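Have a look at the structure below before the remarks.
Since we're looking at a predicted model, the values are computed, not measured. Whatever order the structure lists them in is the order used to number ligands and atoms, beginning at 1.
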Amino acid sequence: MSQQPGSLRAELVGAFGDPIDENPTGIMQEAAFEAAGLNWRYLLLRVTADDLSSAISGLRAMRFRGINLTIPHKVAVLRYLDEVAPDAALIGAVNTVRRSADRLIGENTDGKGFLRSVCEDARVDPSGKRIVFLGAGGAARAMSVELALAGASHITIVNRTQSRGDELVRTLNANTPAKAEFVQWVGDYPVPPEADILVNATSIGLYPNTGDKPPVMMATVGPGLLVCDVIPNPPQTAFLTSAAARGARTLDGLGMLVYQGAIAFKLWTGLEPSIPVMRQALEKVFRT
Ligand code: NDP
C-alpha cells in the first residue's frame, strides 16, 4: 500500500514532572488516541526543576503538539510560554501546554475537568450555588476559579494556612462575580447549612493513606449536600463513604481526572475523545 510522505511519523505529547513514573495520564491518553485512530504518542518525561528551561526548548525543537505539567512545574512553566489563557493566568498555574504554529499557549484543565464532572456526572449546575472548598492549594485554586467563573454565587475557602487561603479569596473577589470568604481550619469543620456543594481539595486520603479523612463535623453533612473529593486514587475515599452514610450525594475525583485529560486531548487534537475509553483505562490502573 502506498504511504503519504511523513505519515509514519507520530505526533508527540506527554508530561514533564519529577516524580513522573507513577503518573497514569499516559495510559488514559494513549487509549483515547488508539480509539480515535490517531498516530499520537504520550511520553512520561522525568524533568527536574533545574532542567525545565532546556526541556521546553527541546519541546519546541521536536515540535511536540503539547505537554502536561505536573509537580514541580505548574507555576514555573509560565515564564517560558508565549501566551497564557485568561483562566490559567487567574489560577496562576498551567497544567497543559498546546502548540499553535510556533507559539506555546498555557492552559489549565484541572478546574474545567472538575466543572464538567459536576455538570455531567453529578448533574448539578453550579450557577447560583454556595460552595465550600477544603484546601487552598493548586487544585483548590483551579476548581474554585472555574466554578466562580461558571456562576457560583458564594465560595468559602477553608484552609489550615491562612496566607494561602487569604490569597485565593482575594483572587476570587477581585476577578470573578462570586463572593468569597476565608475560614481558618481548626479542628472539625462544621459545614454551614446553606452550603450546596462541599469539596475535599486537599491531598488527605490519597493512596497509600486511604484511611485518612479531612476533619469535618460529619453531623453537619446531610442529604441536601453534594460532597466531592479531588482524590482519584482510590476513587471511593473514606470521606465519600462517610458522607454517603449521612445521606449526601457524592462525586469522586476520577471524573475530574478523566475530563481534565479529555479537555487536553481536545486542545491538542481538535477532536472529542471517547470518555468511556479514558475512564476504563484509568479504572484499570487504580482498581487492579
Ligand atoms: P497542594 O500541595 O498545592 O495543596 C494541598 C492542600 O491541602 C493545601 O491547601 C494544604 O493546606 C492542604 N492539606 C494537605 N494536608 C493537610 C492536612 N493534613 N490538614 C489540612 N490541610 C491539608 O496540592 P494540590 O492542590 O496540587 O493537590 C491536592 C490533591 O488534589 C492531591 O491529592 C492531588 O492528587 C489531587 N488532584 C486531583 C486531580 C484530579 O484530576 N482528580 C487534579 C489535581 C490534583 P496548607 O495550605 O495549610 O498546607
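In the hydrophobic clustering, Ile263 connects to Leu267, either directly or through intervening members, whenever side-chain heavy atoms lie under 4.5 Å apart.
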Please tabulate, one line per pair, the protein nitrogen or oxygen atoms found under 3.5 angstrom from a nitrogen or oxygen of ligand 1, with distances to 0.1 Å, or say none if there are no such pairs.
unit_1: ligand 1; atom_1: 3 (O); unit_2: Gly138; atom_2: N; d: 3.0
unit_1: ligand 1; atom_1: 3 (O); unit_2: Arg164; atom_2: NH2; d: 3.2
unit_1: ligand 1; atom_1: 9 (O); unit_2: Ala136; atom_2: N; d: 2.8
unit_1: ligand 1; atom_1: 9 (O); unit_2: Gly137; atom_2: N; d: 3.3
unit_1: ligand 1; atom_1: 9 (O); unit_2: Asn159; atom_2: OD1; d: 2.8
unit_1: ligand 1; atom_1: 11 (O); unit_2: Asn159; atom_2: OD1; d: 3.3
unit_1: ligand 1; atom_1: 25 (O); unit_2: Gly138; atom_2: N; d: 3.1
unit_1: ligand 1; atom_1: 25 (O); unit_2: Ala139; atom_2: N; d: 2.8
unit_1: ligand 1; atom_1: 40 (O); unit_2: Leu257; atom_2: N; d: 3.3
unit_1: ligand 1; atom_1: 41 (N); unit_2: Val230; atom_2: O; d: 2.9
unit_1: ligand 1; atom_1: 41 (N); unit_2: Gly253; atom_2: O; d: 3.0
unit_1: ligand 1; atom_1: 46 (O); unit_2: Asn159; atom_2: ND2; d: 2.9
unit_1: ligand 1; atom_1: 46 (O); unit_2: Arg164; atom_2: NH1; d: 3.0
unit_1: ligand 1; atom_1: 47 (O); unit_2: Arg160; atom_2: NE; d: 3.1
unit_1: ligand 1; atom_1: 47 (O); unit_2: Thr161; atom_2: N; d: 3.0
unit_1: ligand 1; atom_1: 47 (O); unit_2: Thr161; atom_2: OG1; d: 2.5
unit_1: ligand 1; atom_1: 48 (O); unit_2: Arg160; atom_2: NH2; d: 2.9

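Between the side chains of Thr156 and Glu181, at least one donor-acceptor pair of N or O atoms lies under 3.5 Å.
Taking 4.0 Å as the cut-off between side-chain N and carboxylate O, Lys213 and Asp229 do not count as a salt-bridged pair. A salt bridge links Arg98 with Glu107: the distance from a Lys NZ or Arg NE/NH1/NH2 to an Asp or Glu carboxylate oxygen falls below 4.0 Å.
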Could you pull out every donor-acceptor pair under 3.5 Å between side chains of residues 125-147 and any protein atom, sequence neighbours left out?
unit_1: Asp125; atom_1: OD1; unit_2: Ser127; atom_2: N; d: 2.9
unit_1: Lys129; atom_1: NZ; unit_2: Asp125; atom_2: O; d: 3.0
unit_1: Arg141; atom_1: NE; unit_2: Ile91; atom_2: O; d: 2.7
unit_1: Arg141; atom_1: NH1; unit_2: Glu167; atom_2: OE1; d: 3.1
unit_1: Arg141; atom_1: NH2; unit_2: Leu90; atom_2: O; d: 3.3
unit_1: Arg141; atom_1: NH2; unit_2: Thr171; atom_2: OG1; d: 3.4
unit_1: Ser144; atom_1: OG; unit_2: Ala140; atom_2: O; d: 2.7
unit_1: Ser144; atom_1: OG; unit_2: Arg141; atom_2: O; d: 3.3

List, one per line, each side-chain donor-acceptor pair under 3.5 Å for residues 49-59, sequence neighbours excluded.
unit_1: Asp51; atom_1: OD2; unit_2: Thr48; atom_2: OG1; d: 3.3
unit_1: Ser57; atom_1: OG; unit_2: Ser53; atom_2: O; d: 3.2

